Amino acid sequence: MTPVSYKAEYIWIDGTEPTAKLRSKTKILADGAEPGVWGFDGSSTNQAEGHSSDRVLKPVATYPDPIRGGANLLVLCEVFNIDDTPHSSNTRALLRPVAEQFAGQESLFGIEQEYTFFQGSRPLGFPEAGYPAPQGGYYCGVGADEIFGREIVEKHLDNCLAAGLGISGINAEVMPGQWEFQVGPLSPLEVADQLWVARWLLYRTAEEFGVSATLDPKPAKGDWNGAGAHTNFSTKAMREGYDAIIEACEALGRDGKPMEHIKQYGSGVEARLTGAHETAPWSEYSYGVSDRGASVRIPWQVEVDKKGYIEDRRPNANVDPYVVTRLIVGTCCSALEKAELV
């Protein structure tokens with residue numbers, strides 16, 4: 001009798017700079033066996049020199065594999081060195097202690113991941129020569145003249161849901177071939193883990209249609225919106241009172257925090273945060289109610305209810321979610337603690 005086995009797709013984040021890439025490979029495991037530690041050649045992923053290239057994959061989360069189906073799994077991993085220290089590219093290891101330190105404040109995140117489909121060298125829906133009609137009608141649009149790639153988007157959504165990811169919505173964005181999905185509300189580690197897996201599923205799903213997806217923050221030059229990863233954040237205190245909302249907004253603007261955050265909010269952030277196309281200038285910090293031209297937006301309903309969440313509009317589509325959640329939790333939660341608003 002042939003022993004029963006399943007496929008485990010090990011997924012990790014590599015060391016490519018300035019923007020890390022996703023990598024994955026398949027391991028066949030015996031039925032019932034837990035995915036264990038595995039290795040890879042770090043010299044091919046910008047995570048090692050050729051003369052000493054062994055790196056270690058440590059599973060941190062598993063999800064049903066919606067592409068292969070059955071008992072097959074997606075296995076998200078952290079990268080370690082062979083001496084059991086986290087690799088320098090392992091940003092999840094930096095988030096872990098911060099998330100733990102402020103766990104009592106019950107932080108929740110919802111991240112809006114914008115992305116753009118490309119076919120060849122042009123965004124999906126762009127004509128071979130020249131440009132399409134100006135942006136406006138594409139946002140949340142309907143019809144073959146305004147929507148490009150919906151079948152991929154629907155398949156990606158189904159794949160994410162089948163994997164058990166906390167996807168909370170999708171919509172067409174302002175440029176042809178540009179879309180968004182939202183992950184959360186979830187805790188810092190969960191939202192970041194699941195966003196990386198949702199990105200992997202996006203690339204893998206689009207692959208079957210001969211289309212690529214990019215998180216480039218300015219995929220089309222000219223009078224087109226960029227692509228961001230608006231990050232919605234709250235703590236228990238913010239969900240219960242307005243003073244905590246204002247303190248979180250103020251904290252993000254003081255003590256050199258604006259530049260500390262901006263520098264780590266994704267490569268090419270200056271090209272996207274120009275002050276036009278629903279952005280604040282990258283070099284200035286501001287917050288306001290219902291203001292999509294501010295760095296941080298307080299939704300109008302939050303001001304009415306005097307409680308809720310805030311939206312940091314600065315992170316790029318290509319931001320590392322482990323980094324953005326670590327920065328926001330570290331800045332806001334420490335300030336709320338200091339102000340005795342926890």
Side-chain angles (χ1 to χ4, degrees), residues 19 22 66-67 110-163 165-184 194-232 266 268 271-274 276-279 290 292-293 297 299 311 313 315-319 321:
T19 303
L22 282 157
I67 292 169
I111 300 180
E112 305 168 30
Q113 177 68 73
E114 295 178 348
Y115 61 92
T116 310
F117 287 133
F118 267 66
Q119 194 143 39
S121 61
R122 296 178 73 74
L124 194 64
F126 272 48
E128 283 302 316
Y131 289 89
Q135 63 185 40
Y138 309 106
Y139 174 72
C140 296
V142 63
D145 56 334
E146 293 184 332
I147 291 300
F148 307 92
R150 193 187 295 277
E151 67 278 20
I152 313 173
V153 171
E154 291 291 339
K155 183 69 175 165
H156 174 246
L157 176 60
D158 288 345
N159 283 339
C160 287
L161 293 173
L165 303 184
I167 300 286
S168 45
I170 58 170
N171 60 270
E173 271 299 333
V174 297
M175 190 177 84
Q178 193 177 62
W179 294 80
E180 175 186 297
F181 64 86
Q182 301 96 34
V183 178
Q194 293 193 22
L195 184 58
W196 275 116
V197 173
R199 286 173 173 179
W200 185 89
L201 282 168
L202 175 67
Y203 303 142
R204 181 63 186 77
T205 304
E207 191 182 298
E208 296 182 2
F209 292 83
V211 168
S212 60
T214 178
L215 306 184
D216 189 312
K218 196 71 177 175
K221 307 305 174 218
D223 196 19
W224 300 98
N225 275 35
H230 298 157
T231 301
N232 300 280
R272 180 178 141 260
L273 298 184
T274 59
H277 303 117
E278 299 184 284
T279 68
S290 200
R292 282 180 163 79
R297 177 178 70 99
E311 177 195 41
R313 297 180 58 79
N316 267 357
N318 60 0
V319 74

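Quantities reported herein were computed from a predicted structural model and do not represent experimental measurements.
Within 6.0 Å of OH on Y203 lie more than 12 heavy atoms contributed by other residues, nucleotides or ligands. Within a 6.0 Å radius of OH in Y131, no more than 12 heavy atoms belonging to other residues, nucleotides or ligands are found.
In terms of heavy-atom proximity, C160 sits nearest to A198 at SG-CB, 4.0 Å. Nearest approach of P321 to I111, heavy atoms of both residues: CB-CD1, 4.2 Å. Across A317 and L215, no two heavy atoms sit closer than the pair CB-O, 3.3 Å. In terms of heavy atoms, A227 sits closest to P219 at N-CD, 4.5 Å. Looking at every heavy atom in both residues, A172 comes nearest to Y139 through O-CD1, 3.5 Å. Closest approach of E173 and N171 over heavy atoms only: OE2-ND2, 3.2 Å.
Distance check: E180 CD to C140 SG gives 8.5 Å after rounding to the nearest 0.5 Å. The distance from atom CD of E114 to atom CG of N316, rounded to the nearest 0.5 Å, is 10.0 Å. To the nearest 0.5 Å, the span separating CD1 on I167 from CG on N159 amounts to 10.5 Å. Distance check: E151 CD to E208 CD gives 12.5 Å after rounding to the nearest 0.5 Å. Here the CD1-CD distance, from I152 to E207, works out to 12.0 Å after rounding to the nearest 0.5 Å.
In this structure, the side chains of P127 and P132 come closer than 4.5 Å at one or more pairs of heavy atoms. With contacts defined as side-chain heavy-atom distances shorter than 4.5 Å, the pair P66/D158 does not qualify.
In this structure, W224 has its ring center under 6.0 Å from that of F126.
For the residue pair E112/N232, the side-chain donor-acceptor check at 3.5 Å is satisfied.
One N or O on the side chain of S168 and one on the backbone of G184 form a donor-acceptor pair closer than 3.5 Å. Between the side chain of R292 and the backbone N or O of R297 there is no donor-acceptor pair closer than 3.5 Å. Without hydrogens or angle criteria, Q113 side chain to A229 main chain gives no donor-acceptor distance under 3.5 Å. Not one N or O on the side chain of W179 forms a donor-acceptor pair closer than 3.5 Å with the backbone of R150. Remark: the backbone N or O of L124 is not paired with any side-chain donor or acceptor of Q119 at under 3.5 angstrom. Judged purely by atom type and a 3.5 angstrom limit, R272 has no side-chain atom pairing as donor or acceptor with the backbone of D216.
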F117 and T214: CA distance, side-chain angles, deciding distance, side-chain contact (heavy atoms from CB on, under 4.5 Å) verdict: CA-CA 6 Å; F117 287 133; T214 178; over 6 Å; no
Stepwise side-chain contact (heavy atoms from CB on, under 4.5 Å) check, L22 with R199: CA-CA 8 Å; L22 282 157; R199 286 173 173 179; 3.9 Å; yes
Chi angles and distances behind the side-chain contact (heavy atoms from CB on, under 4.5 Å) call for M175, T116: CA-CA 8 Å; M175 190 177 84; T116 310; 3.6 Å; yes
Worked check of side-chain contact (heavy atoms from CB on, under 4.5 Å) between V174 and Y138: CA-CA 5 Å; V174 297; Y138 309 106; 5.9 Å; no
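With F181 as reference, L195 is the one residue of L201, L195, L165 to meet the side-chain contact (heavy atoms from CB on, under 4.5 Å) rule.
Ring planes of H156 and Y115: perpendicular class, angle over 60° (limits at 30 and 60°).
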